[in-house]
Asker: 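To start, I am sharing the structure in question, which I have written as structure tokens.
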Amino acid sequence: MAGFLPDWVLVIKSVLISIAAIAFLGPVTMMYLTLLERKVVGRMQNRIGPNRVGKWGLLQPLADGVKMLTKEDIVPTPADPIAHFLAPILIVVPALLVFAVIPFGRGMTAVDLNVGLLFFIAISSTTTLAIFMASWGSRNKFSLLGGMRSVAQMVSYEVPMVLSVVPVILITGSLSTNDIVLAQGGWGGLKWFIFTPWGLLAFIIFYLCGVAECNRSPFDLPEAESEIVAGFHTEYSGMKFALFYMAEFMNSFTISALAATLFLGGWQGPVLPSWLWFFMKTYVLIFIMIWFRGTLPRFRVDQLMNLAWKFLLPLTLINIFVAGFWYFAPNTIVRVLMSAGVLSLSFWGLQKLNQGYAPEKRVYQFGD
Amino acid sequence: MTHLYDIVKFGIYALMAFSVLAAILAVTVRNLFHAALCFAAVLIGIAGVFLSLHADFLAMVQILIYVGAVMTLVIFAIMLTERFGDNSSPQNNSLTLAAFGLAIVSLIAFSTISVKTRWPIQENAGALHLSVGELAYALLNTYVLPFEVISVLLITTLIGAVIIAKKDRVS
């Protein structure tokens, strides 16, 4: 090929191949995640789930896709046409872009940016803009309420999420997702960060915040069906609704993939090929997300905010110091014991401090 | 490779034109919400310009802080105003001329400073890629004083916001 084509065509070709791979992987992942979720939640609720279209319902996502495409697209008369139209398109862009820095296997990162982790966090933080556009553009009170909730939640959970990643950056000394995976290569591919005290805590915090960032249950207040219809996408139908859905599922995939990369060793692992390890770890995390949805009831707004600001945030700050100590500690036994001790003590202390109290008599500030 | 450079160059100019256009729209559009969205587009465009200058870290921080956090606050603030989404809100007040003058003065000042300063240019500037370690070293060693001053400022605003938002005790 190199002999036939000019250099610049080769460069563009190599770019196009990775773009095409991602543009294909994202939607296909989303389609089958919907099926997986319906199946798993179905089994958890003692149902069977979709099983009519194709063997084990395997063609159900295609049928859903056809249904979504042929549905009528309804735009409310008072809606802001530009914002209402652009929001579902813009919400897919960051969800697809973050696939670029995820290391799917040995040498299988689409773009090995040296600021890869920061890229992921920065790009996924722009999702709030699209949600704002959707909620405001619909001119619907439920949309607006859902949008406000969603943005408040995403802004709050972004803080502990970013801070929980700091120990990993501290230990590896790099923001590149590839370097982070390579740093977990010892012990025959099993020296994952989750096997250290700070890594375990950071993983739990990161994963919880990730679930909250995707607006998934038990943090699904922005879409709480029983309170505000469907939140910011109340006024969307057909393919536009499908795009919101797609962004949400792709986000839950990428968050699980990033959690696996940062704490579960990414594609590192013995015997099996690297990409298989990566997808196994990611799908285990996705399964846990679905499991959450099948078992946990929804939080209240104040509980949600308290968890982020009063519990997770202080814990991540302590965790950063513990990781620093780990880096400089003289020998293994001292650092394992000390950091595990400090972390469990602060966990216990924060839990005690956060325990709500029930007043004996209710006091109403504004109503008699 | 020359064709590729031409394509990239064209992309960068298109990006700059997009940013300028969005900036003009941000100050001329009547609808406050649309103005805020145009402003967000400007910030993303600036991040793209940083990226084209090989300042990856700066570009990412620009998106994270400005597009992710500051824009959210701006839109929250707009949503709390009374004339939100109203096309009849006035676009200028008695300070318009003064603000325009100040903008011109600061433009001249900044451009003079950036042209007159002798920037330390390295030999291999084309292949320069800042590592996290170097950045941390610069922030916590060479530039530790401005760094700390900024953090004190941020803490002050944080405490101020808490005091303003604090509930008054019921007497």
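Computed over heavy atoms, backbone and side chain alike; hydrogens, waters and symmetry mates excluded. Chain letters run A, B, ... following the sequence lines, proteins first and then strands; every chain starts at 1.
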Asker: For A:F311, look at atom CZ and say whether over 12 heavy atoms of other residues, nucleotides or ligands are found less than 6.0 Å away.
Answerer: yes
Asker: Is it the backbone or the side chain of A:M148 that comes under 4.5 Å from a heavy atom of chain B, or both, or neither?
Answerer: both
Asker: Could you tell me the separation between the CG atom of A:L118 and the CG atom of B:L58, rounded to the nearest 0.5 Å?
Answerer: 10.5 Å
Asker: A:S174 versus chain B, heavy atoms under 4.5 Å apart: side chain, backbone, both or neither?
Answerer: backbone
Asker: I want to check something: taking the side chain as every heavy atom from C-beta on, are A:D80 and B:H34 in contact at a cut-off of under 4.5 Å?
Answerer: yes
Asker: Could you walk me through whether B:T72 and A:F132 pass side chain to side chain contact (heavy atoms under 4.5 Å, CB included), step by step?
Answerer: CA-CA 9 Å; B:T72 311; A:F132 255 135; 4.0 Å; yes
Asker: Which distance, rounded to the nearest 0.5 Å, do you find between the OG of A:S125 and the CE of B:M60?
Answerer: 10.5 Å
Asker: Evaluate whether atom CZ of A:F244 has more than 12 neighbouring non-hydrogen atoms of other residues, nucleotides or ligands under 6.0 angstrom away.
Answerer: yes
Asker: Let me know if A:I169 has heavy atoms under 4.5 Å from chain B in its side chain, its backbone, both or neither.
Answerer: side chain
Asker: For chain A, which of B:L64, B:I63, B:V61, B:L37 has the most heavy-atom pairs under 4.5 Å?
Answerer: B:L64
Asker: Would you check if B:F57 and A:L175 make a side-chain contact, meaning some heavy-atom pair closer than 4.5 Å?
Answerer: yes
Asker: If you count heavy atoms of other groups shown closer than 6.0 angstrom to OH of B:Y66, is the number above 12?
Answerer: no
